Amino acid sequence: MKGIEERLAALNPRQREAVTAPDGPLLVTAGAGSGKTAVLVNRIAWLIGVKSVPANRIIAVTFTNKAAREMKRRVQEILQAEEANPVVGTFHGLCNQFLRTRHQAAGLNRYFSIMDQDDQKSFISNLMKEHNLRYTELTPSIVQSYINKRKESKKRAGESEVYSGRSELLEDLYEIYERECEEQGLVDFAELILRTVEVMEHNAEVREQIQQRILHVLIDEFQDTNELQYQWMEMFGGWRRNISAVGDEDQSIYSWRGALSGNLKRFERQYDDALVVRLEQNYRSTKPILDAANALIKQNTNRFEKKLWTGKSGGSRIKYMSARDSNEEAEFIVDQIRTFSDSGRSLSEFAVLYRTNAQSRNFEEAFGAEGIPFRVYGGVRFYQRKEVKEILNFLRLVANPNTNDAALLRTINCPPRGIGEVAKRSIAEMAADRKISYWEATCALADTGRRWVKVRPFVDLINHLQSLSATRSLGKLMELTIELSGLREHYEQHTDPTEQNRVVNLEELINAAAGFEQSQESVGSADILDRYLDSVVLDPGDTHDDDPEEKVQMMTLHTAKGLEFPIVFLTGLDETILPHFHSIGSWRSSTFRKSMEQEEMQEERRLCYVGMTRAKEILFFTRANRRMLRGQWENFHQSRFVQEVPRDLIELVSSTEVPEPTVTHDAGHVDWLGKSVSHRKFGGGVVTDVEANVGILYLTIDFETVGTKVILSEFVSIDS
DNA sequence: AACCCCGAACTTTTT
DNA sequence: GTTCGGGGTT
């Protein structure tokens, strides 16, 4: 632990103060690139190396798996395997571990399985069907977001303060949902944390055991915590009060998931003896980039003004490319990367960032055509693909046939083997009658003679796979499942490329499983299938984490938070992409639209800010006039965020004309207000409000049939 | 009772 | 561009 002294010397005085803070609450608020994570990492190393705190009594939490891995890596680098490692993970990952070892105390099925967002939605959808709620005004999405919101605020069904009309129905559904999850051993993301907090709250034995063991709790990205996570912090760290929290309100980009950036202030208020350290020196970016980012984020109201500065001089302005279409946008990026890499830049120094995963497609195609290696994080999620889900359902059944009735129903006729609705209904009825699992019912049916002769092979298949799972490696088991289930053959029979591609994905899945097994070597092979099934839900991002190679990095702005790159392409700077149209309001129609809209717009701005501040040396803005959207070309306009960056910090490299800053109120105002207009899809209506931004007119229109919506002026015509 | 085809509807971000 | 569901066909 000799290195620690040198490390401390390399920090600035503020950082050192935070790293070596005495026991007790610590709050670090820090701008982008000011070394937040470095503070956390060094503090952990300092606690272990200098204060002799046993590593396994320190627990550090982050939000993304990527960030957790990075933190683990950096801590290990300092400790150099001299010591045991601290516990580092995401809230969800840590809570899962907690519940797996204490399923009994938590009142959970020994083999509970975790539902991802998609699983949860289809589960809710099925519940609604069963209870004949298909055709109410509620959609599965609405119910899902209601349930998640309630859980994130630590509320169970029935613990409602508002109870009327529609919310009564929602509460009822929440209650049904809870009961069904309980019965089927299903747990959603929010439940992992909620259940953990409840166990800590109600079970004194567990609570004391944990509170005795944990000496220090450290939390990164504190602005992204929600109510539930705040409570988690109190349960795990509140008793000793050795809590270190690190955050930046300007980088709060998860309020849609219930995050309360106000938790920073709440922490300061609640732990009023906390040592508060503010870091304002940026070590990452050049001055023009930082100035531009600061100018942008200044447009947000109600923020605590920070003066983020850098000692670096020089650096080039933001390079702005406004392309004719999305193809040209991608080609431009390819060209630039070619040029830079010819002059000696490594491909891994480039990052292409975008607002939505769908945007990656353009870049993937262009990069693929040009033979430039790239790596997409997240992407059109591999584990969400139909064929992948199908195989995973098989494995869930193999791991543990008696839970997860849903998996059985989805698997039993996949690929089609002549088992239909009638058989499924019989299984469900028998299971309900005899109070047995769907699997047991299926086995019983298979034994009852000719009528269910088609069920037999399925039961044999699962039993066979189960016996294989005891002796084979995970990769091999995956391969065998793909073969023996007949799924590979099923997809190979199809001739069209989409189906053929599914075969490729199945191969990829074998690699992913083998890769996971390798990464888990140190943990041992017991329960490897269980752990794999957890990881595909909790950490589906990095299937092949084996390449720190020469590849361009591509990811969403959300995933990019906390990372840095020498050269960044911030793409899709178009109205309705960044900011996203959801934050502009064309889909919303209620009276509190305005305030919501403002909140969401500010979050989009923070997202843009996060993207800009990822860049160390060179930052590109790119956009396109036309983009292919669900199969057809649509027009786009320059994002308002481009206008919010001072003109002299931008260098044009565009092929199309770039609008100069325009007046915020347009002459169009007079022409539109009060006019009767028609829209291709929404029909006739009256314009009740007009807003202009960068020469684009946003009309608030009161439609005769569909209520009030905000529409871009170009999509409607004035009735004559 | 299962399969097939066609039209409709849906697309933020992550654990 | 994709997936889902309805309705007609085998």
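In what follows, every chain begins at residue 1, and chains take the letters A, B, ... in the order their sequences are listed. Predicted model only: the values in this text are computed from it and were never measured.
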Could you pick out which residue, A:Thr556 or A:Lys121, lies toward the 5' side of DNA chain B when each is mapped onto its nearest nucleotide? A:Lys121
Rounded distance in Å - [atom1] ([X]) to [atom2] ([N]):
| X | N | atom1 | atom2 | result |
| --- | --- | --- | --- | --- |
| A:Lys386 | C:dG1 | NZ | P | 18 Å |
| A:Arg361 | C:dG1 | CZ | C1' | 7 Å |
| A:Arg385 | C:dT2 | CZ | P | 10 Å |
| A:Phe63 | B:dT15 | CZ | C1' | 10 Å |
| A:Asp118 | B:dT14 | CG | C1' | 12 Å |
| A:Glu387 | C:dT2 | CD | P | 12 Å |
| A:Gln97 | B:dT15 | CD | C1' | 15 Å |
| A:Leu607 | B:dT14 | CG | C1' | 12 Å |

So, is A:Asn357 near the phosphate of B:dT14, with a side-chain N or O under 4.0 Å from OP1 or OP2? yes
Should A:Thr559 be listed as having a side-chain N or O under 4.0 Å from OP1 or OP2 of B:dT13? no
Side chain of A:His558, heavy atoms from C-beta onward: which of B:dT13, B:dT15, C:dG1 has the nearest atom to it? B:dT13
So do A:Leu563 and A:Lys66 actually touch side chain to side chain, heavy atoms under 4.5 Å? yes
Base, sugar-phosphate alone, or nothing: which one does A:Glu603 contact when heavy atoms must sit under 4.0 Å apart? nothing
Using a heavy-atom cut-off of 4.0 Å across all strands, would you classify A:Tyr254 as base, sugar-phosphate, or nothing? sugar-phosphate
Closest contact, heavy atoms only, A:Gln229 versus A:Asp224: OE1-O, 3.6 Å
Test of ring centre spacing under 6.0 Å for A:Tyr254 and A:His558: yes
Salt bridge present between A:Arg195 and A:Glu182 (N-O < 4.0 angstrom): yes
For A:Phe374, does the CZ atom sit with more than 12 other heavy atoms under 6.0 Å from it, leaving out its own atoms? yes
